[in-house]
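Presented below is the structure to which this report refers.
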Amino acid sequence: MTDTRFDPSVADGRWQRAWAEAGTFTADSDSAKPKSYILEMFPYPSGRIHMGHVRNYTMGDVLARYQKMRGFEVLHPMGWDAFGMPAENAAMEKGVHPGGWTRQNIAQMKAQLQRIGFALDWTREFATCDPEYYGHEQALFLDLYEAGLVYRKESTVNWDPVDMTVLANEQVIDGKGWRSGAEVEKRKLNQWFLKITDFADDLLEGLDSLEDWPEKVRLMQENWIGKSSGLEFSFDLSDGGKLAVYSTRPDTIFGASFCAIAADHPIAQALASDPEVAAFIDQCKKGAATAAALETAEKLGYRTPITAKHPFTGAALPVFIANFVLMEYGTGAVMGVPGHDQRDFEFATKYGLPIARVVASDPAKADEPFKGEAEAGDGIIVNSDFLNGMSVEDAKHAVITRAEEGGWGEGRTVWRLRDWGVSRQRYWGTPIPFIHCDTCGVVPVPKEQLPVTLPEDVSFDIPGNPLERHPTWKHVDCPKCGKAARRETDTLDTFVDSSWYFLRFASQPADRPFDPEEVAKWMPVQHYIGGIEHAILHLLYARFWTRALAHTGKIAVQEPFAALFTQGMVTHETYSRIDEARGVPVFFGPEEVDRTSEGALLLADGAPVEVGRVIKMSKSKKNVVDPDAIIARHGADAVRWFMLSDSPPERDLPWSDAGIEGCARFVQRLWRLFSAHDAGATGEDKALDRKTHQTIAAVASDIEALGFNKAVARIYELTGATEKAAPSASRSAAIRALVHLAAPMMPHLAEEAWTNMGGTGLIADAPWPEIDPALLVDDEVTIAIQHMGKLRDTVTAPKGSSKEDLEALALASANLQRSVDGAAIRKVIVVPDRLVNIVT
RNA sequence: GCGGGCGUGGCGGAAUGGUAGACGCCGGGGACUUAAAAUCCCCUGAGCUUUGCUCGUGCGGGUUCGAGUCCCGCCGCCCGUACCA
């Protein structure tokens with residue numbers, strides 16, 4: 001070995017080519033080995049790989065390489081979530097075709113990923129905008145249609161009257177179109193929906209089986225699905241009509257003092273001929289949209305002339321139109337029980353309505369006044385006729401039973417989850433494979449005619465959906481009757497594309513979306529890694545899609561992802577100055593400043609800039625570091641190592657130049673140690689042998705628990721110990737072990753060192769080092785000697801020493817005796833192999 | 001508001017109720033060098049009357065022989081969010 005420095009600019013490419021040529025990471029479905037499917041959320045091809053991608057894929061890569069070393073046949077694929085609005089935006093801004101723009105981005109990002117040396121099976125790569133892929137998606141969509149899980153209904157969209165286009169919610173800013181600035185209108189369109197609500201109960205119950213998902217994500221999904229049970233019943237109204245309300249607290253029905261309906265409730269609409277009512281309804285609709293704003297918004301109500309007759313007491317309750325009642329949930333109307341619901345309490349206080357107590361902590365406290373807020377908690381029912389003395393739970397059942405017997409209401413489960421609207425009035429997406437015929441109605445495109453491909457000759461220089469105004473594309477003959485008909489011009493939500501891509505990675509026949517037997521070999525995904533931002537929608541849709549396919553008999557697995565890991569963001573401090581003229585901060589990029597230990601100076605003028613908080617890398621704050629530049633400078637292994645070091649993977653990782661330089665130094669340090677490998681060295685170093693085997697075991701369990709930062713620390717420790725050790729067979733073995741431990745994390749360095757020390761084949765194919773259980777335990781341990789729980793001394797003792805021996809050792813300590821100072825010993829606590837605590 | 005998470009040196013962070021601060025970064029000192037880079041060695045929570053002692057894991061209590069860890073009550077920050085009847 002001649003080079004004293006590891007040169008990543010040569011080695012990285014050499015090994016990346018070697019892996020590619022050998023097909024090292026090509027997954028073999030027919031392998032007899034146990035299978036392991038490692039998947040990271042596939043990227044949107046925005047143009048450049050960013051540090052967040054690097055972190056995400058490095059974690060998956062370490063797992064994939066480690067699992068391979070542990071004898072698994074590993075599937076670790078990569079592809080592109082390639083449909084979506086940014087491509088259309090680029091088309092409008094730069095006059096390029098969305099497809100060309102996307103393909104170019106993919107080529108660029110793929111090259112970037114390859115320079116990082118990820119152990120990916122590129123033979124399975126695809127983009128969701130490939131007609132082969134979306135054609136199969138259309139076939140699956142038709143299958144779901146046949147299974148009754150697809151339907152059409154009218155639904156409201158945001159319409160930009162200037163751009164003549166439908167806007168996504170995020171494109172509506174302060175009620176105006178983001179591009180045109182025009183006031184956004186609401187329009188009703190016939191749209192396609194997926195019946196995710198059919199699976200609400202399944203999706204909820206399935207969460208219990210996902211033990212290796214973060215509790216937080218499971219809870220978010222549970223809340224999103226939002227199951228509640230209660231009573232739906234009708235009030236008789238003074239105008240002769242009926243008002244259906246839903247309540248989760250029928251036990252408090254005797255405390256009802258008013259009813260409230262949503263502004264767009266039919267009864268409210270019917271009263272809107274009164275200008276005062278119309279004005280109030282308008283006011284409600286203008287209200288804030290976000291939860292944070294709504295929470296501080298004042299409760300507003302309009303008292304209608306109508307009253308509702310209480311089903312038990314016969315009392316006439318006033319009916320209000322109120323801004324806090326939502327038409328979308330339940331029946332769009334509620335009974336107001338001010339004593340036991342905070343919103344009702346605030347409303348009743350404002351409008352001077354009675355606040356009655358019907359739940360108390362104790363029957364004796366039935367008349368206790370409220371302390372300025374509602375009491376929503378548990379208790380005993382009071383002031384409630386036949387319910388008095390019951391628990392909340394019993395009273396609920398009693399009221400529901402009475403309602404059902406009396407025929408004026410029934411117990412009902414209500415879900416927050418709504419059906420999934422998948423129609424998008426856009427070009428760059430999967431065409432929905434249906435044809436509209438004046439005679440036959442909505443007709444599915446026959447499967448043999450799939451894929452329905454997007455036309456290439458489209459332009460984005462005039463507003464509207466290019467598919468809608470294309471001269472020929474939508475004009476087709478009806479597959480049923482043969483008469484002239486029109487293609488559906490809506491495309492599918494891109495969340496559909498990402499709801500089954502993991503199945504296509506596992507199996508990709510040409511004639512079908514996937515082969516069930518091949519899929520069964522790999523699914524479920526063993527480790528799914530990605531950002532927390534997908535905790536609800538993507539993960540819920542993928543779970544739904546998988547269940548829907550299982551429901552239609554296409555696959556056996558119900559849950560697609562056995563274990564989920566949500567990684568933290570890559571962050572960086574910001575550099576800014578206040579622009580005196582405008583009073584707003586101006587940000588500078590890391591490359592524009594000189595960061596010293598005290599502060600930061602702007603290179604342009606040498607004057608200081610403000611060093612701000614460490615926050616997520618974003619273009620607007622200019623705190624972005626480009627992975628390519630770092631890899632060119634320090635090599636792939638240093639970047640990979642940085643991504644794994646220090647911060648626990650679920651937390652944010654602050655990027656720093658000092659940090660990456662430290663990693664690059666460690667790469668060289670390991671290289672020097674590896675270069676000192678002497679296959680012919682003799683002699684035993686028992687202590688080092690122990691350290692080596694303990695480290696192998698610890699790194700393995702750390703990687704399995706995704707505790708990469710801890711695995712990194714272990715490798716540092718063994719490196720230090722090996723460097724200090726004198727040459728011996730043990731030391732050479734330690735070096736060989738270190739090469740293996742480093743292999744999943746710094747694969748290029750490991751391959752280079754492995755070859756240089758005469759190793760056979762690729763280390764990527766090598767097995768994980770065996771451990772000798774006998775070497776995992778130390779024969780000597782350090783015992784802490786405490787007096788009253790305070791450390792006074794430490795001594796070494798043979799492992800497994802008896803309590804008596806340890807106690808004697810402790811009492812022999814001069815430090816301990818000085819602390820005890822002759823006091824009578826009341827108690828001695830001995831924790832074997834750990835400590836002795838003397839209590840006086 | 002609600003739900004979840006977090007709070008440990010200058011910084012990122014370790015620590016099955018059992019020696020707080022592993023490991024890394026920053027910083028300081030030294031060696032090598034004509035010099036620099038690189039590398040190596042040592043020091044690095046605070047304080048003190050320095051064989052050692054006291055204090056120290058957001059704040060205040062509690063349980064325990066022993067609490068960063070468990071319990072109760074606060075404070076602060078972060079993430080998510082749906083006024084869901």
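Here is the naming used below: chain letters follow the sequence lines, and residue numbers restart at 1 for every chain.
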>> Any donor-acceptor pair under 3.5 Å linking the side-chain atoms of A/Asn623 with those of A/Thr574?
In response: no
> Is the distance from OP1 or OP2 of B/G13 to the nearest side-chain N or O of A/Lys710 less than 4.0 Å?
Replying inline: no
>> Between B/A20 and B/G52, how far apart are the two P atoms, rounded to whole Å?
In response: 16 Å
> From B/C25, B/G12, B/A14, pick the nucleotide closest to the side chain of A/Ser647?
Replying inline: B/G12
> Is the centre of the A/Tyr351 ring less than 6.0 Å from the centre of the A/Phe258 ring?
Replying inline: no
>> Counting only side-chain nitrogens and oxygens, does A/Arg672 get under 4.0 Å of the OP1 or OP2 atom of B/C40?
In response: yes
>> With a 4.0 Å limit, can you tell me whether A/Lys790 has a side-chain N or O closer than that to the phosphate oxygens OP1/OP2 of B/A67?
In response: no
> Taking the side chain of A/Arg669 as its heavy atoms from C-beta onward, which of B/C84, B/C23, B/G24 lies nearest to it?
Replying inline: B/G24
>> Heavy atoms from C-beta onward define the side chain here; which of B/C25, B/C23, B/A82 lies closest to that of A/Trp224?
In response: B/A82
> Hey, does A/Leu809 have a side-chain heavy atom less than 4.5 Å from the side chain of A/Ile783?
Replying inline: no
> Watson-Crick or G-U wobble partner for B/G3, using a 3.5 Å limit on both distances?
Replying inline: B/C79
> How about A/His397: does its NE2 atom have over 12 heavy atoms from other parts shown lying under 6.0 Å from it?
Replying inline: no
> Distance between the C1' atoms of B/A36 and B/U57, in whole angstroms?
Replying inline: 43 Å
> Expressed as a whole number of Å, how far does the C1' atom of B/C2 sit from that of B/G47?
Replying inline: 45 Å
>> Between P on B/A14 and CZ on A/Arg714, what's the gap in Å once rounded to a whole number?
In response: 12 Å
> Which one is paired to B/C32, where only Watson-Crick or G-U wobble pairs with both distances under 3.5 angstrom count?
Replying inline: none
>> Please report the distance separating the C1' of B/U33 from the corresponding atom of B/C23, rounded so that it comes out in whole Å.
In response: 31 Å
>> Heavy atoms only, 4.0 Å cut-off, all strands: where does A/Asn815 land among base, sugar-phosphate and nothing?
In response: sugar-phosphate
> When all nucleic acid strands are considered with a 4.0 Å heavy-atom cut-off, which category describes A/Arg665: base, sugar-phosphate, or nothing?
Replying inline: sugar-phosphate
> Hey, does A/Glu661 reach any base, or is it just sugar-phosphate, or nothing, if we go heavy atoms under 4.0 Å?
Replying inline: nothing
> If you measure from CG on A/Leu811 to CD1 on A/Ile825, what distance do you get to the nearest 0.5 Å?
Replying inline: 5.0 Å
> A/Leu219 near the nucleic acid: base, sugar-phosphate alone, or nothing, with a heavy-atom cut-off under 4.0 Å?
Replying inline: sugar-phosphate
>> Nearest whole Å is fine: how far is B/G80 P from A/Glu533 CD?
In response: 10 Å
> Between B/G24, B/G12, B/C79, which nucleotide has the shortest distance from any of its atoms to the side chain of A/Pro654?
Replying inline: B/G12
> What is the base-pairing partner of B/A22, counting Watson-Crick and G-U wobble geometry with both distances under 3.5 Å?
Replying inline: none
> Has A/Asn709 got a side-chain N or O lying under 4.0 Å from the OP1 or OP2 atom of B/A14?
Replying inline: yes
> Is there a Watson-Crick or G-U wobble partner for B/G73 with both distances under 3.5 Å, and which nucleotide is it?
Replying inline: B/C59
>> Taking 4.0 Å as the cut-off, does a side-chain nitrogen or oxygen of A/Arg416 come that near to OP1 or OP2 on B/A82?
In response: yes
> Just how far, in rounded Å, is C1' of B/C84 from CD of A/Gln342?
Replying inline: 16 Å
>> Would you say the ring centers of A/His534 and A/Tyr541 fall short of 6.0 Å from each other?
In response: no
> Whole Å only: how far is the CD1 atom of A/Ile536 from the C1' atom of B/A82?
Replying inline: 10 Å
>> Side chain of A/Arg818, heavy atoms from C-beta onward: which of B/U51, B/C83, B/G13 has the nearest atom to it?
In response: B/U51
> In whole angstrom, what separates A/Leu673's CG from B/U39's C1'?
Replying inline: 14 Å
> Between A/Arg834 and B/U16, does any side-chain N or O lie under 4.0 Å from OP1 or OP2?
Replying inline: no
> What nucleic acid atoms does A/Asn837 come within less than 4.0 Å of, heavy atoms only: base, sugar-phosphate, or nothing?
Replying inline: base
>> Distance check, C1' atoms only: B/G10 and B/C26, in whole angstrom units.
In response: 7 Å
> When the nearest nucleotide of RNA chain B is assigned to A/Asp652 and to A/Lys827 on a heavy-atom basis, which residue is associated with the more 5' position?
Replying inline: A/Asp652
> Roughly how far apart, to the nearest Å, are B/U54 and B/G3 at atom C1'?
Replying inline: 43 Å
> Is A/Arg792 touching bases, backbone alone, or none of the nucleic acid, heavy atoms closer than 4.0 Å?
Replying inline: sugar-phosphate
> With rounding to whole Å, what would you report as the distance between B/A15 and B/G76 at their P atoms?
Replying inline: 29 Å
>> Base, sugar-phosphate or nothing for A/Thr794? Non-hydrogen atoms, less than 4.0 Å.
In response: base
> Where each residue is assigned the nucleotide of RNA chain B containing its nearest heavy atom, which of A/Ser247 and A/Asn223 is assigned the position nearer the 5′ end?
Replying inline: A/Asn223
> Hey, which of A/Leu353, A/Ile261, A/Thr304, A/Val325 is the one that makes side-chain contact (heavy atoms from CB on, under 4.5 Å) with A/Phe320?
Replying inline: A/Leu353
> A/Arg651 near the nucleic acid: base, sugar-phosphate alone, or nothing, with a heavy-atom cut-off under 4.0 Å?
Replying inline: sugar-phosphate
> Which pairs, with at least one residue in residues 799-815 of chain A and sequence neighbours excluded, count as a salt bridge (Lys or Arg N to Asp or Glu O under 4.0 Å)?
Replying inline: A/Lys799-A/Asp833
> Between A/Lys724 (NZ) and B/C23 (C1'), how many Å, whole number?
Replying inline: 12 Å
> Contact class for A/Thr782 vs. all strands (heavy atom < 4.0 Å): base, sugar-phosphate, or nothing?
Replying inline: base
> Within the structure shown, what part of the strands sits under 4.0 Å from A/Val839 by heavy-atom distance: base, sugar-phosphate, or nothing?
Replying inline: sugar-phosphate
>> Within 90° of 0 counts as syn, otherwise anti: where does B/G9 fall?
In response: syn
> Roughly how far apart, to the nearest Å, are B/A22 and B/G29 at atom P?
Replying inline: 22 Å
>> For the aromatic rings, using the six-membered ring if either is Trp, is the centroid distance between A/Phe674 and A/Phe6 under 6.0 Å?
In response: no
> When all nucleic acid strands are considered with a 4.0 Å heavy-atom cut-off, which category describes A/Val325: base, sugar-phosphate, or nothing?
Replying inline: base
> When the distance from NE2 of A/His634 to P of B/A38 is rounded to whole Å, what number comes out?
Replying inline: 12 Å
> Between B/C40 atom P and A/Phe666 atom CZ, what is the distance in whole Å?
Replying inline: 11 Å
